[in-house]
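Written out below as structure tokens is the structure these notes cover.
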Amino acid sequence: MKLVGTEFQVKVWSELQKIPYGEVRTYKQIAESIGSPKSSRAVANACAKNPHPPLIPCHRVVRSDGGLGGYSAHGGTSEKMKLLIKESVFPSD
DNA sequence: CACATGACCTAAC
DNA sequence: TGTTAGGCCATGT
């Protein structure tokens, strides 16, 4: 399976796939990983435009404040929260 | 090419 | 501590 899109998106998606189970990365971290620490916004965009939601753990990407951020893939932010809680990454209380 | 959009971040009040 | 304003980047129209 090969992801297709802009270089930026491919880099972001690749980083997302590097996120292991039970771990979360901030948009800023991803931005830094691809060499553009200030592109946190564009990173979020790439996640939102990810072509294969089940193939990319976009739900493991959260804000630097500890917030969830969003989830345009499926179910919405609620589904993302549920997934994070299920992976014990997000406090259920 | 210019404008508008978005799941952001930091600083200031 | 909570809210507001400005900046920053990539993409689509």
Side-chain angles (χ1 to χ4, degrees):
Chain A
M1 188 60 193
K2 196 166 102 114
L3 297 172
V4 269
T6 70
E7 287 295 304
F8 192 85
Q9 287 182 157
V10 173
K11 285 179 187 174
V12 174
W13 301 335
S14 299
E15 288 300 315
L16 297 184
Q17 291 183 13
K18 290 179 191 174
I19 305 177
Y21 181 92
E23 298 256 339
V24 288
R25 278 282 166 113
T26 66
Y27 294 96
K28 204 177 189 2
Q29 273 296 314
I30 300 296
E32 285 187 23
S33 299
I34 65 178
S36 298
K38 297 204 288 285
S39 308
S40 50
R41 266 183 117 148
V43 171
N45 260 1
C47 292
K49 288 171 179 165
N50 82 78
H52 301 291
L55 215 65
I56 298 171
C58 43
H59 67 266
R60 288 186 198 155
V61 189
V62 298
R63 294 185 47 159
S64 301
D65 299 90
L68 293 178
Y71 201 63
S72 308
H74 132 71
T77 319
S78 309
E79 193 61 40
K80 178 173 182 176
M81 193 195 306
K82 193 160 50 168
L83 285 163
L84 292 176
I85 293 172
K86 203 196 283 219
E87 299 192 5
S88 310
V89 181
F90 192 73
S92 38
D93 46 61

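Naming: A, B, ... by sequence-line order, numbering from 1 per chain.
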| When we call it a touch if two heavy atoms are under 4.0 Å apart, what does A/G69 touch: a base, just sugar-phosphate, or nothing? | sugar-phosphate
| Can you check the A/Q29 CD to B/dC9 C1' distance for me, whole Å? | 13 Å
| request: Measure from CG on A/L84 to C1' on B/dA7 and round the result to the nearest Å. | output: 12 Å
Show me the donor-acceptor pairs, under 3.5 Å and distance only, between side chains in residues 67-78 of chain A and residues at least two apart or in other chains.
none

| remark: For residues 52-61 of chain A, the side chain to side chain donor-acceptor pair (under 3.5 Å) pairs (sequence neighbours left out) are A/H59-A/E87, A/R60-A/E87
| query | How close do A/V12 and A/C47 get, heavy atom to heavy atom, and via which atoms? | reply | CG1-SG, 4.0 Å
| All pairs passing side chain to side chain donor-acceptor pair (under 3.5 Å) where residues 39-49 of chain A contributes a residue, at least two apart | none
| message | Looking at the base of B/dA7, is there any donor atom on it, or on the side chain of A/Y27, that sits under 3.5 Å from an acceptor on the other one? | response | yes
| request: Spell out protein contact along nucleotides 6-13 of chain C as letters: B when the base is contacted, S when just the sugar-phosphate is, - when no protein heavy atom is under 4.0 Å; keep the 5' to 3' order. | output: -BBBBS--
Quiz: residues 1-11 of chain A side-chain donor-acceptor pairs under 3.5 angstrom, not counting sequence neighbours:
residue	atom	partner	partner atom	Å
A/T6	OG1	A/Q9	N	3.2

| Are A/I34 and A/I19 connected in the hydrophobic side-chain network, where two residues link if heavy atoms are under 4.5 Å apart? | yes
| query | At their closest point, which heavy atom of A/R25 faces which heavy atom of A/S33, and how far apart are they? | reply | NH1-OG, 4.0 Å
Are there any protein N/O atoms within less than 3.5 Å of an N/O atom in nucleotides 10-13 of chain B, and if so, which ones and at what distance?
none

| Do A/V61 and A/T26 have side chains that get closer than 4.5 Å, going by heavy atoms? | no
